[in-house]
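First comes the structure, then the notes that go with it.
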Amino acid sequence: MAVQFGHIAGYPTGSPFKNREELRIAGLHSQNMAGISGNAKTGADAIVVSGGYVDDADYGEIIIYTGHGGRDPNTGRQIRDQELIDSGNAALVRSELEGLPVRVIRGRHNKRHHQSPFAPSSGYRYDGLYRVESHWAKMGVDGFRVWQFRLVKLKDGEVSTPKDTSPASIDQYAVGPAPVTTSIMQRIVRNSMIAHIVKSWYSHECQVCGLAIQVEGGLYSEGAHIRGLGQPHHGPDVPENLLCLCPNDHVRFDNGAIYLTDELHVMDALTGQAVGQLRVHKNHKIDLRHVAYHRECWTKD
DNA sequence: GGGCCCGCAGGG
DNA sequence: CCCTGCGGGCCC
């Protein structure tokens, strides 16, 4: 089952579900038991918040969600440290690094756990999209290390239809083996899905220098638009206008320290000398019109 | 209410 | 194959 990010067609925010099986059939959450849906490589697409972990806190628009692992299945208490590399926890880190939207589903809190005022009185309820803002480790109330994630509800303005991208292009670059229909992909966080696809081609290795930043929980890279989005450049949010860069080369590129020739040589603006060749994946068609636009912004003659 | 046991999906 | 995981139903 492919990991699907964003809203799922036919199930608006507030949709009720009887149990986990209904959620799984509807495609909102792939797991029958686990709280985190998704995987470490692609990211987490959904979580269930049902107060299963004692260190959780639900403030409505902000959720402190505890990662999984280290729990005694019978008592629900922590009996050993949690690990960030456990797939569900790493999946949430991946969603944080790439700004992917996470579906939040609240479940009725059973008596074993503390009640959240935001929990439904019965069953489960889809409560919309959140972003993972940060994560950290702390000593849990049971005396073992837990990993925690701060999730913040996305405003409607932060969730939008990618008007600049043709439906065909979305299908072509769909995440996962199954074809993705445009109805499922209708509402996604601007830019993050396109960047996610481009980054996956390069395994987060910078197209300029080849470096992939290693952080706890995985690799990091940035999606750099060749021709900027919005005012005044009006570049499109498509893979043809995006590069996978390390933070240093992203800053260099956005501020004119480096630019590209039509042959995709990397040029040092200070010396005017070529300093390398842009790495390009076979699936990545770079639009030279955007390359020329960027170059003309940063060259005098 | 708690205990028990039977589930499935996903990953190693 | 094994194991784990914010279920769930049934029994008492």
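First the proteins, then the strands, lettered A, B, ... as listed; each starts at 1.
For the pair Ser50(A) and dG7(C), the criterion of a side-chain N or O lying under 4.0 Å from OP1 or OP2 is met. Dashed line: the shortest gap from a side-chain N or O of Thr66(A) to OP1 or OP2 of dC6(C) is not under 4.0 Å. Contact check, Arg24(A) against dA9(B): a side-chain N or O comes under 4.0 Å of OP1 or OP2. Of the side-chain N and O atoms in Tyr124(A), one or more sit less than 4.0 angstrom from OP1 or OP2 of dG7(C).
Side-chain proximity of Met33(A) to the nucleotides dG7(B), dG10(B), dC6(C) is greatest for dG7(B). Checked against dA9(B), dG7(C), dG11(B), the side chain of Arg20(A) finds its nearest nucleotide in dG7(C). Closest to the side chain of Asn32(A), out of dC6(C), dA9(B), dG8(C), is dA9(B).
Backbone-only engagement by Asn39(A) is indicated by non-hydrogen atom pairs under 4.0 Å involving sugar-phosphate atoms exclusively. As judged by a 4.0 angstrom heavy-atom cut-off over every strand, Gly70(A) is placed among residues touching the sugar-phosphate backbone only. Residue contacts for Gly69(A): at a heavy-atom cut-off of 4.0 Å it reaches the sugar-phosphate backbone alone, with no base atom in range.
In this structure, the ring of Phe118(A) has its center no less than 6.0 angstrom from the ring center of Tyr59(A). A centroid separation of less than 6.0 Å is found between the aromatic rings of Tyr293(A) and His233(A). A distance below 6.0 Å separates the ring centres of Phe5(A) and His196(A).
Side-chain contact between Val208(A) and Ile258(A) is present, with at least one heavy-atom pair separated by less than 4.5 Å.
Taking the centre and axis of the six-membered ring of Tyr65(A), the NZ or CZ atom of Arg150(A) falls outside the cone set by 45° and 6.0 Å.
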(request) Map every base of DNA chain B to its dot-bracket character, where paired means a Watson-Crick or G-U wobble contact with both distances under 3.5 Å and | marks a partner outside the strand. (result) ||||||.|||||

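Of the two residues near DNA chain C, Ile64(A) and Lys18(A), the one whose nearest nucleotide lies more 5' is Ile64(A).
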